[in-house]
Structures are given as structure tokens and as C-alpha cells.
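Some notes on the structure that comes next.
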Number of protein chains: 2
Amino acid sequence: MATGRNHRPATSRSRGIPEATVARLPLYLRALTALSERSVPTVSSEELASAAGVNSAKLRKDFSYLGSYGTRGVGYDVEYLVYQISRELGLTQDWPVVIVGIGNLGAALANYGGFASRGFRVAALIDADPTLSGKPVAGIPVQHTDELEKIISDNGVSIGVIATPAGAAQQVCDRLVGAGVTSILNFAPTVLSVPEGVDVRKVDLSIELQILAFHEQRKAGEEPAGEPETDTAPPAAPPAVAVQKRTGSGPDGDVPAVMPA
Amino acid sequence: MATGRNHRPATSRSRGIPEATVARLPLYLRALTALSERSVPTVSSEELASAAGVNSAKLRKDFSYLGSYGTRGVGYDVEYLVYQISRELGLTQDWPVVIVGIGNLGAALANYGGFASRGFRVAALIDADPTLSGKPVAGIPVQHTDELEKIISDNGVSIGVIATPAGAAQQVCDRLVGAGVTSILNFAPTVLSVPEGVDVRKVDLSIELQILAFHEQRKAGEEPAGEPETDTAPPAAPPAVAVQKRTGSGPDGDVPAVMPA
DNA sequence: TTCTGTGAATTAATTCACAGCG
DNA sequence: CGCTGTGAATTAATTCACAGAA
């Protein structure tokens, strides 16, 4: 799961919408937008929940934190809900975003269609490789890292996307934060440390796969017998001395990001 | 947040490790691997927790579900823990994975270094575009979608990654599942419907950005006054008639995936 | 004395189930 | 009636705080 948030009572005070609810609002919004495009005027909590992949009780509870936007006996007005959720998420305003690290992944992100659609605008692409400077990716010329601070402040960017290799991520993060960015979406497989007040969310392919593998393994040992138990390498003495050094498939460690910047 | 799981009591029965704990094991593993490479023999819960970005009480509680692998007064043996967590996650075995949809994103995933490292092996790259067939990406020749079923069964693949546009995702998903895949990592911005027993986790850039925007918005209306209130477009009558049709920035809807397959 | 392991307490999230509005 | 909105109940996750092993 992508996670994030720095800390803070997990629920943003103020109007106090639970974090779990916030994380689902984009799902509802997507389902609603699809309905809107098909010109469907209203939906019931049941229908919308099913389209969003959640159950209706949860959806109704989620909406109850936003207000009473439905009509009993009828359902929700699609257009109206789209607006209310967009506003709640802050999508009625424009969010300039910079992407740092323009490799395969950075390029994929830059080309992402759904990006521009919901209030997000790619204000700049930044990469440390000088040979990339000036080259357009997704129609936007790549700029050199040296310009980072200027780009952030000139464009009033508050959201940054890090798609660099793991080794460069913290450094890039520090510069982004130093320049005024307060929200970061991190694709590099590293834990970023940021000052209080800065939000970080991470997306990590490797973690997702590992979670799937965990469940996959359970499935395998399910029908056959009771204990799946051993399979390959032998354990090792608990806190005895050191076990064999973990060598093998080349340099891995804090694995390089999805792609070189 | 990447989320997923089909349903099931959220905690996998059997040894009953909480889902939230499973989701953190990969983080601990990464931190431990880094320590292992620096030949650090032991770590305290405090140090490891800090490296993984969680608090120590949580880490200790998480480890308690796996067993008592630490030594009081000392800490945890790094190598031993690496092995135990790897085994728990099912990483001591090899997981062949197929990636469907080889565009920018698919290519970035194929090139992902940390992929091969932790028990995952890219068994095949699949794309519907015949002009890509045979072309190598990250050293692996792309195969045509027609071969999908054969590839899955020949390689005993149980984990599939979908990196196609949203429109093709459900169809690809159905074919993967039909061919025997039981775990899916979905990068397309769609809710996939799968039969009982199949796990789906999703990674969605747009959702992550929207969550960040929500918090970002709160920050903005924090210091100034009490109510951030309005900013752009006007609300609309609640369940009156329909509001203005949401036109604008080109065809968006169920936005196309991060990249064309 | 140090740092793990874990019951107990607390807080968050989900689900139930139904009162009551349209 | 149908379907929302929401208190109450339930379940999961986190945090506290400390007994006890090394």
C-alpha cells in the first residue's frame, strides 16, 4: 500500500475527515466522473460503491463526513457530488507539479494522461543528466537540476514527484523541501526524512509485489497440507554468530530506483 | 496507498499476521538488507524502526507476530532477521512474473533493478502491439498477447502486472486469471473485478496526488484565517436538476493508463 | 542495566442495523 | 417504500508501559 503522511493524529483536524476516507475519495471521484460522462444523473450508494469497489455502508459513512449530499429514497446527484468531492480534495484549484528524475519512469509519469485532467499540471521536468537538458519529454523540455530552486519558486510549486534512483532521492527531497515544496510523492525505494509539516507518500513496486507474494505463498500451502514449511535455503542459528553473508544476484541493497535519472 | 486484497477477514488466518504488519515487513526487510550490506551484525528495535520510518513499539509488536527473534538487552541479529522475514514473505522461493503492457511504464518496470533481486523474476513481457513483438526491452523480448495463456502456463506464473491503458485492463485481467494467475498488481486506473481467491493490489499515481492535494489544501488554509472556503468554480444546486456538464480538458473519464501499451 | 516481548489501554476503521426523510 | 444518514457495536491497528530475559 502506498502510505505516507508524516504523523499528526492521522485524521486531519479541522473538519476531521478520517484519513481512510480521504484515501477513498479519489476512487469515488473516478467512478462518478465515469458516470458523469455517460450522463447518468443520479446513483445510489449501492451502485456507486460497487463501481468504486467498496461496500455501500462504508461509502455512506465516508460521505457523511462531507455532509448530507444525497437524497433519501433517491441517491446522489452525480454532478453535484463530483463537485463536492473535487472541492474537498482541493481539485478545484490548479496544482503545478514538478517531476524530478526523467528516466523511463519519469517519462511515463510525464506522459500520464490522467495527470493534467484533475487539477494537476506538470510545471517542469528536472533531471541531473545535462545531456537531457532541453530535450522535450511529453512536450515539456527537461531542465537541469541546477535550476530546481528557481523552477519551484517561479512556478509556486508545492508538490514534487521524485522518480530518481534511490541514492539521489534524499538529496533531491532536501532541495525540494528547501525550495518550498511541502508534499512529495516518492517513487524511489528509500525512506525519506522530511521536516514536520511536509507530507510524503510513497509508491513502491517492490513492496507491492512482496505483499502479493506473502498472500500467494499462503494460498499455495492452503489446499494441500497444513504446514507449507521449508522450501529453499536453510535457516540459521538465532543470535549465534553471523550466518553466511547474503551474496548472490549482483548488487542489490537499497535497490536502484525503477529507472536511472 | 496502494491497496488491494479481495476481502477475507483482512488478517490472513493460519498464523494470523495482521495485514498492516505484512505491509510493513518489506520495509523492515529493505532496511535490514542495507544494514547487512554494511556488515552490521545487530540492530535494536529503535535503530531499525528509525531506518524503516516507523516507531519502535510498532516494529516490536510486528516482529512479535513472527516469533521471538530478538535478544533482550541486545537487539536483533541482522542476517537472521533478513532470513526470517524473507521466508515469511515467501521470498525464499522464485516468483516468475509477467508484465502486460509494455509502454513507458511497462518498460520502466521491466528495467526495475530491485525486481530481480528479491525472488521476483520477469518471466515475460507481453503487449498487444504486434510491432513490438520480438523487440527486446530490458533484454527480454516482448511477446504478443496471443501467447498470454501459453506463457502463463509454461512458466507457472502466478503473479501478473498490468500496465496497460485503463480500457484494456479488465480484459487482460480476465485472461490472466483464466490462465491461472492469482495475484495481480494493477497500474491501470480501473477497479478490476476478480473472482474470489484472487488478490489485486493497485498503484495509482492520480490517487496519490489527490491525497496529497487534500492535505496541501488544508495546510494553505491553516495559518491565514479559519475558513479557506471558495476558490474557483461555483457550487451548484444540491439535488435540483443537472449542473453544467463537466467538459473541459479533453477526453479524460476513466483516464488512460500511465502509458499506452 | 538495556532492550525485547507483550498484555492492557487507546484510538481508528469498519460494519451493522435501523430511524426517518422524500 | 427506498435509500440515505448515522448512532451503536465490532473489529483492527496503534501506542503505552512495564515485566523480565540476557
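A quick note: this is a predicted structure, and the numbers were derived from the prediction, not measured. Quick note on labels: first sequence line is chain A, next is B, and so on, each numbered from 1.
Residues forming a side chain to side chain contact (heavy atoms under 4.5 Å, CB included) with A/N55 (at least two apart in sequence, or on another chain): A/A57, A/K58. With sequence neighbours left out, the salt bridge (charged side-chain N to carboxylate O under 4.0 Å, His left out) criterion links B/D174 to no other residue. Checked against ring-ring contact (aromatic ring centres under 6.0 Å, His included), B/Y76 has the following partners two or more places apart in sequence or in another chain: B/F63. In this structure A/Q171 satisfies the side chain to side chain contact (heavy atoms under 4.5 Å, CB included) test with no other residue, sequence neighbours excluded. In this structure, A/R60 has no salt bridge (charged side-chain N to carboxylate O under 4.0 Å, His left out) partners at least two apart in sequence or on a different chain. Applying the side chain to side chain contact (heavy atoms under 4.5 Å, CB included) test to A/A49 and every residue at least two apart in sequence or in another chain returns A/V54, A/S56, A/L59.
Between B/Y80 atom OH and C/dT4 atom P the separation is 16 Å, expressed in whole Å. Atom NZ in A/K58 sits roughly 18 Å away from atom P in C/dA12 (whole-Å rounding). D/dA13 atom C1' lies 14 Å from atom CD of A/E19, rounded to whole Å. Computed from coordinates, the B/D77 CG to C/dC3 P distance equals 16 Å when rounded to whole Å.
Here ring-ring contact (aromatic ring centres under 6.0 Å, His included) pairs that include residues 34-57 of chain B, with residues two or more places apart or in two chains, number zero.
There is a side-chain donor-acceptor pair under 3.5 Å between A/Y80 and A/Q84.
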Readout for nucleotides 1-8 of chain D: B = base within 4.0 Å of protein heavy atom, S = sugar-phosphate only, - = neither; 5' to 3' it is -BBBBBBB
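Using a 4.0 Å cut-off, no side-chain N or O of A/N55 falls inside it from OP1 or OP2 of C/dT14.
One axis for each end of the helix from C/dT1-D/dA22 to C/dG22-D/dC1, each built from five base pairs, and the angle between them comes to 10° at 10° resolution.
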